[in-house]
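Step one of this worksheet: look at the structure below.
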2 protein chains.
Amino acid sequence: MPTTPRSRSAPSGRVTAAMVAERAGTSIATVSLVVNGKDRGRVSTPIADRVRDAVEQLGYVVDHAASSLARGSGDLVVLIAPDLSNPFFAEVIRGVRDTVGDRFQLVLSVTERGEQPVDADVRRFERLRPAGILVDAPAESASMSASVPVVLLDAPGGPGAVNYDLTAGVQALVAHLRAAGHRRVAYLDGTSRATTFAVRRSLFEQACTTADITVSPVQAQADLTIDAAAGAVAPVVDAWLADGVTAVVAAADTLAYGVLRVAAERGIAVPASLAVAGFDDLPSSSVTAPSLTSVALPGAELGRAAALRLLATLDGVDAPDPALPTRLVPRASTGA
Amino acid sequence: MPTTPRSRSAPSGRVTAAMVAERAGTSIATVSLVVNGKDRGRVSTPIADRVRDAVEQLGYVVDHAASSLARGSGDLVVLIAPDLSNPFFAEVIRGVRDTVGDRFQLVLSVTERGEQPVDADVRRFERLRPAGILVDAPAESASMSASVPVVLLDAPGGPGAVNYDLTAGVQALVAHLRAAGHRRVAYLDGTSRATTFAVRRSLFEQACTTADITVSPVQAQADLTIDAAAGAVAPVVDAWLADGVTAVVAAADTLAYGVLRVAAERGIAVPASLAVAGFDDLPSSSVTAPSLTSVALPGAELGRAAALRLLATLDGVDAPDPALPTRLVPRASTGA
DNA sequence: CTGAAAGCGCTTACAG
DNA sequence: CTGAAAGCGCTTACAG
């Protein structure tokens, strides 16, 4: 810890506007204007050039803390997402980043494994005075309000949220299973408290009822990792088979991978003895053994839509708000 | 845009220390001390309690911008990582987050897909006055210096870096291939400019030379995604086979997945006609068709080691700096 | 066109 | 034990 007195501006390596101003022979006010591109018609060309030269030579960068303090808010956009072990979120992030672009700087925060973003997370990031906050798969959409604009992703029912329209995808999945002759299926749920999982389950159960397919009372759920899913499936897979289940639908592809792994270990033929399907359509779902049938949720699209909505809010204009379409990608794991 | 005059503190919903002080009947200096836990022996218990009550009632949170401006730096730790479509990074992040814990707030930044973190990324985040910056898989470790402590991850050769000892893993892989009778192999490289990829390749080639295995002159490389890998492999797979190649080693598991996919499409038996192996040992590598042999790089360990090193630097103590061990996980894709 | 000055919300010697 | 005040580095009316 340096003991340098604070009054002496010990050259901390940090270049300030004052240093730029001195070198350019102007005031820091002028430096601020030039650096922020607000010099048109306010600063003469020769002076502006001198400032730019000095900035270049000194490697000056506007201090974010000071700037956002003075301005009231900064150019940060915060995206709070659940644990990234689900590759789905990588896609969402990409969509957001490509959309907020250079205008804002995107920073991410991830929750503890298996946790959903909650109110307190939003609160913690308000401190940073971001331009806006995006929350992916929040636990409860109720009280996510803040002093900055907040957009919720994949938070069905919430206001100020962008969502998938899961109906089409789920119905296609159930129709697909029905056509393959399945009449009794199991559902492997996530332990996640994200509302989207409740929606997936209930839409699935509804569709099954309509299609005259029975959902097995033998329940299982797990964290969204392959290991956790395999651990949850191992104890119940025999009960499923004994119950006459011929297909299992998992709330996420990573969960479905766990089913595939247990089936492989037990020598249960997929799809002959047990069909398997998931949600997300992860990139790796095309190379599993067998390749996995999945309801495709385009993550990058979700990220893009959320970012557009935030930008629209910041600009004070109305945002289009279409629910994003989902579709079934049938593969070998259901005999496609 | 609100036109509120700045002088009137329009109740922006933001609670300030002044508001807390007024409610508690003290000064903002006292509020600051209490809120930062520096009140022991400096503030009387009844006053401290009144402050805490007021904080509670008002929901006061210290403003990050103002705090880090006044203090010189804040409690943020920034982790800059390449595009997250490689699930490997999720592990690294988890290791970092679990280690920096509650003392610091972790924020992430990801580069454009296929890009590596560069100097300019570090520069951009210095603005935030973080306590430290972690850079995963940087392009060049040379000039990554900043006004805050920087720790490089997976940046072989750099000073202030934490790394894997790839030797053991690579040698085990090559010995494994040799034992299975392979004498001519191909290497599928990543287009990534991260130095770790150069190291992987050169260690592999060295080990092959020693083991009297020939590396095919038929070259291929791709972005670290399954699609990109499949696209790069498709045009060369016949040439590999024609060249007498019996095994292909990919610089990352995601690349190896691309090989598996092309092999499946072409009806090339794995491992009978072509053995496949990768680096990373991703969770999904246990469920691919066939399951993938891989050099395991424990991502969470890397993140943990880097975070410990940063904490040590901040505390001014020496950091232990063991290279992290790697090992081979043999699976069906090489006939294990 | 230009700069002095107030203010953003904190933290921290310093003086009581 | 407590508070007034300076200072962190900017931005932005405002007065020249």
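Reckoned from all heavy atoms, side chains included, excluding hydrogens, waters and symmetry mates. A quick note: this is a predicted structure, and the numbers were derived from the prediction, not measured. Lettering follows sequence order; numbering is per chain, from 1.
With sequence neighbours excluded, the residues that form a side-chain hydrogen bond (donor to acceptor under 3.5 Å, both in side chains) with Thr196(B) are Asp154(B), Arg200(B). With sequence neighbours excluded, no residue satisfies side-chain hydrogen bond (donor to acceptor under 3.5 Å, both in side chains) with Ser44(B). Qualifying side chain to side chain contact (heavy atoms under 4.5 Å, CB included) partners for Ala323(A), counting only residues two or more places apart in sequence or in other chains: Asp165(A). For Gln57(A), the side-chain hydrogen bond (donor to acceptor under 3.5 Å, both in side chains) partners at least two apart in sequence or on another chain are Arg23(A). Applying the side chain to side chain contact (heavy atoms under 4.5 Å, CB included) criterion to Arg127(B), with sequence neighbours excluded, gives Val61(A), His64(A), Asp75(A), Gln105(A). For Pro87(B), the side chain to side chain contact (heavy atoms under 4.5 Å, CB included) criterion is met by Pro87(A), Thr254(B), Leu282(B), not counting sequence neighbours. Every side chain to side chain contact (heavy atoms under 4.5 Å, CB included) that Val55(B) has, sequence neighbours left out, goes to Val20(B), Val35(B), Val51(B), Tyr60(B).
Distance from the side chain of Thr16(B) is smallest to dG9(C) among dT11(C), dG9(C), dG9(D). The listed nucleotides are dG9(D), dG9(C), dT11(C); the one nearest the side chain of Asp63(A) is dG9(D).
At the heavy-atom level, Arg129(A) lies under 4.0 Å from the strands shown only through sugar-phosphate atoms.
For Lys38(A) and dT12(D), the shortest distance from a side-chain N or O to OP1 or OP2 is below 4.0 Å. At dC10(C), none of the side-chain N or O atoms of Ser32(B) fall inside 4.0 Å of OP1 or OP2 (strictly under the cut-off).
For the residue pair Gln116(B) and Ser192(B), a side-chain donor N or O sits within less than 3.5 Å of a side-chain acceptor on the partner.
Within the structure, salt bridge (charged side-chain N to carboxylate O under 4.0 Å, His left out) pairs that include any residue of residues 36-46 of chain B comprise Asp39(B)-Arg52(B) (at least two apart or interchain). Sorted by first and then second residue, the salt bridge (charged side-chain N to carboxylate O under 4.0 Å, His left out) pairs with a member in residues 299-308 of chain A read Glu301(A)-Arg304(A); sequence neighbours excluded.
What separates CG of Leu128(A) from P of dC10(C) is a distance of 14 Å, to the nearest Å. Atom CD1 of Ile28(A) and atom P of dC8(D) are 11 Å apart (whole Å). Residue Arg71(A) contributes atom CZ, which lies 17 Å from atom C1' of dA6(C) at whole-angstrom precision. Between the P atom of dG9(D) and the CD atom of Glu126(B) lies a distance of 14 Å, rounded to the nearest Å. If you take NE2 of His64(B) and C1' of dC8(D), they are 14 Å apart, rounded to a whole angstrom.
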Encoded 5' to 3' (Watson-Crick or G-U under 3.5 Å; [ ] crossing; | other strand), DNA chain D becomes |||.||||||||.|||
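Projected onto DNA chain C by closest heavy-atom contact, Val35(B) and Leu69(A) fall at different nucleotides, the more 5' of which corresponds to Leu69(A).
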Dump every N/O contact between nucleotides 1-4 of chain C and the protein below 3.5 Å, one line per pair.
residue: dC1(C); atom: OP2; partner: Gly41(A); partner atom: O; Å: 2.5
residue: dT2(C); atom: OP1; partner: Ser44(A); partner atom: OG; Å: 3.1
residue: dT2(C); atom: OP2; partner: Ser44(A); partner atom: N; Å: 2.7
residue: dT2(C); atom: OP2; partner: Ser44(A); partner atom: OG; Å: 3.2
residue: dG3(C); atom: OP2; partner: Ser27(A); partner atom: N; Å: 3.4
residue: dG3(C); atom: OP2; partner: Thr30(A); partner atom: OG1; Å: 3.2

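The stretch residues 50-62 of chain B has no heavy atom under 4.0 Å from DNA chain D, so no residue of it qualifies as close.
A salt bridge links Asp121(B) and Arg124(B); the closest N-O separation between the charged side-chain nitrogens and carboxylate oxygens is under 4.0 Å.
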